[in-house]
Amino acid sequence: MPATTPAPSPESPGKGPLSAMPLLQSLMLAFEQETGMHMSFDDFTGVFTGIHRDVTPMKLDWDHQTHSCSFCNFAKLNDHGEMDCVLNKLAANRLVSRRREGLEGFCHLGLFDMAEPLIFQGRMLGVFYYGSVILRCRESLTKRKIRRYCTRRGLNPDGHLKAMAEVNTIDPDTIPRHREALKTIARLAHFFCEVAGVQPEIYRNRPLKFPYTDPQDLPYVVKETMSYISTHIDEPFIVKDLAAHLRCHPDFLSRKFKQHTGVDLHLYLQQTRVDRAKRLLENPKVDIGTAADQSGFSDRVHFSKVFRRVTGMTPGQFQRGFVTK
């Protein structure tokens, strides 16, 4: 059995109960709590974790879109640390993309990780990672990598070695079991793609070359805006309310959001509401008023206007068309 820190309760601080989360994230978090390892998904297209967020059960918070264990966060604090971590991950992504199969190995600082691609309809949509741990009896390898890296970068290794002492350790014998857990997550994500009718050809792959944009690079206000919209989409708030929640001016928030996503914030909010309504209207038992209310629209008339402007059809036409398919 892996040597890990005690597993937290099913309700994690700041995250809420697992049952209240999107299904994939709750399962990932359950594996993390059991093993002390960190799991994340590097999205190549934006279909899950970018501005589209098309597959509701696949929505992930920012901790599960990046390597965000305490050691990784520490390593990114110096001038070169974040870029070195990004380049290391980029190299792993390239290798997985070329092989089109999972792999395992050590990062440039000696932490052990496993990777598993999500391939749907022949297209690679991203890579799941699971690890950020130290292998028992390989601690000396991790220390050597840390010292070698710090020497190359002119850093005192003491801080890195101290941070390493807080990293969880697993037995090498448990790796096959953890790999199966990671493959299960990838298979579940593939199932979600099928159920949601994802069309991978309409998404543009993020280039697998430098510069590499990690979600962690987005400003806090942009990340928090996207997270708030995703988790409160059934509430009738507007951009002004978002700005008040983030304690900034609406113009500043809109400008930052457009600058870093290329999308107008007001239109993004409307599109997200319409996407939510479309998923509800796929059920013939859901009436238009209920779809409007549960998508955060203040009234049915406004809902119908926005829905038609975004989709080119009324909510009723959409529902009838979907039911007759």
(request) Could you please spell out the steps behind the side chain to side chain contact (heavy atoms under 4.5 Å, CB included) verdict for Met313 and Arg308? (result) CA-CA 5 Å; Met313 64 182 77; Arg308 185 165 189 168; 5.9 Å; no
(message) Side chains of Thr290 and Asp293: any donor to acceptor distance under 3.5 Å?
(response) no
(request) Please work out whether the ring planes of Tyr228 and His245 are parallel, tilted or perpendicular, with thresholds of 30° and 60°. (result) tilted
(request) Evaluate the criterion side-chain hydrogen bond (donor to acceptor under 3.5 Å, both in side chains) for residue pair Asp61 and Gln65; output intermediate values, then yes/no. (result) CA-CA 7 Å; Asp61 61 17; Gln65 297 178 43; over 6 Å; no
(request) For the pair Thr184 (side chain) and Glu180 (backbone), establish whether a donor and an acceptor sit closer than 3.5 Å, ignoring hydrogens and angles. (result) yes
(request) Determine yes or no for a side-chain-to-main-chain donor-acceptor pair under 3.5 angstrom, with Glu166 supplying the side chain and Ala163 the backbone. (result) no
(message) Using side chain to side chain contact (heavy atoms under 4.5 Å, CB included), reason through Leu135 and Thr169 one step at a time and then give a plain yes or no.
(response) CA-CA 6 Å; Leu135 291 188; Thr169 302; over 6 Å; no
(request) Measure the CG-SG distance between Leu111 and Cys69 for me, rounded to the nearest 0.5 Å. (result) 6.0 Å
(message) Over 60° means perpendicular and under 30° means parallel, so tell me whether Phe307 and Phe303 are parallel, tilted or perpendicular.
(response) perpendicular
(message) I want to check something: taking the side chain as every heavy atom from C-beta on, are Leu265 and Ile229 in contact at a cut-off of under 4.5 Å?
(response) yes
(message) Nearest 0.5 Å, please: how far is CG in Leu23 from CZ in Phe191?
(response) 9.5 Å
(message) On a heavy-atom basis, which atom in Leu269 and which in Val239 lie closest, and how many Å separate them?
(response) CD2-N, 4.5 Å
(request) Decide ring-ring contact (aromatic ring centres under 6.0 Å, His included) for Tyr130 and His38; before the verdict, give the C-alpha distance in whole Å, the side-chain angles of both, and the deciding distance to 0.1 Å. (result) CA-CA 6 Å; Tyr130 193 26; His38 179 67; 8.9 Å; no
(message) side-chain hydrogen bond (donor to acceptor under 3.5 Å, both in side chains), that's the test. Do Asp299 and His302 meet it? Break it down for me.
(response) CA-CA 6 Å; Asp299 61 76; His302 178 59; 5.8 Å; no
(message) Does Arg247 have more than 12 heavy atoms from other residues, nucleotides or ligands lying within 6.0 Å of its CZ?
(response) no
(request) May I ask you to check if Arg273 and Phe237 form a cation-pi contact, with NZ or CZ under 6.0 angstrom from the six-membered ring centre and within 45° of the axis? (result) yes
(message) How close do Lys143 and Leu161 get, counting heavy atoms only, and between which atoms?
(response) CG-CD2, 4.0 Å
(request) May I ask you to test the Leu118-Met124 pair for a side-chain heavy-atom distance under 4.5 Å? (result) no
(request) Determine yes or no for a side-chain-to-main-chain donor-acceptor pair under 3.5 angstrom, with Ser254 supplying the side chain and Pro250 the backbone. (result) yes
(request) Measure the CG-CG distance between Leu109 and Asn88 for me, rounded to the nearest 0.5 Å. (result) 8.0 Å
(request) Please lay out, stage by stage, how Thr142 and Glu139 fare under the test side chain to side chain contact (heavy atoms under 4.5 Å, CB included). (result) CA-CA 5 Å; Thr142 301; Glu139 293 92 342; 5.6 Å; no
(message) Testing Lys59, Gln25, Glu32 one by one against His64 for a side-chain hydrogen bond (donor to acceptor under 3.5 Å, both in side chains), which residue passes?
(response) Glu32
(message) Would you compute the distance between atom CZ of Arg187 and atom CD of Glu116 and round it to the nearest 0.5 angstrom?
(response) 8.5 Å
(message) Between Arg94 and Ser97, is there a side-chain donor-acceptor contact under 3.5 Å, judged purely by atom types and distance?
(response) no
(message) Is any side-chain heavy atom of Pro117 closer than 4.5 Å to one of Arg100?
(response) no
(request) Please tell me if the side chains of Val96 and Leu103 come closer than 4.5 Å, counting only heavy atoms from C-beta onward. (result) yes
(message) Looking at Ile238, is its backbone amide N or carbonyl O close enough to the side chain of Asp241 to form a donor-acceptor pair, meaning the two atoms are under 3.5 Å apart?
(response) yes
(message) Testing the basics here: between Thr225 and Leu253, what is the closest heavy-atom pair and its distance to 0.1 Å?
(response) OG1-CD1, 3.2 Å
(request) State, without any angle test, whether Ser40 and Asp42 hold a side-chain donor-acceptor pair at a distance under 3.5 Å. (result) no
(request) Hey, could you give me the CE/CG distance between Met28 and Asp63, rounded to the nearest 0.5 Å? (result) 10.5 Å
(request) Kindly give the heavy-atom pair with the smallest separation between Arg300 and Gly289, and that separation in Å. (result) NH1-N, 4.3 Å
(request) Look at the rings of Phe41 and Phe128 and say which category their plane angle falls in: under 30° parallel, 30 to 60° tilted, over 60° perpendicular. (result) tilted
(message) Would you say that Leu182 contacts Phe31 through its side chain, given a criterion of any heavy-atom pair below 4.5 Å between the two side chains?
(response) no
(request) Look only at the side chain of Thr35 and the backbone of Met37, and say whether a donor-acceptor pair between them is shorter than 3.5 Å. (result) yes
(message) Checking the side chain of Arg276 only, and the main-chain atoms of Gln294 only, is there a donor and an acceptor separated by less than 3.5 Å?
(response) yes
(request) Quick one: pull up CG in Asp113 and CE in Met39 and give me the separation to the nearest 0.5 Å. (result) 10.5 Å
(message) On a heavy-atom basis, which atom in Cys193 and which in Leu125 lie closest, and how many Å separate them?
(response) SG-CD1, 4.0 Å
(request) Check the side chains of Gln270 and Arg309 for a donor-acceptor pair under 3.5 angstrom, ignoring hydrogens and angles. (result) yes
(message) Checking Phe257 against Asp264 for the side chain to side chain contact (heavy atoms under 4.5 Å, CB included) test, could you report, in this order, the C-alpha distance in whole Å, the side-chain angles of both residues, the deciding distance, and whether it holds?
(response) CA-CA 7 Å; Phe257 194 91; Asp264 181 85; over 6 Å; no
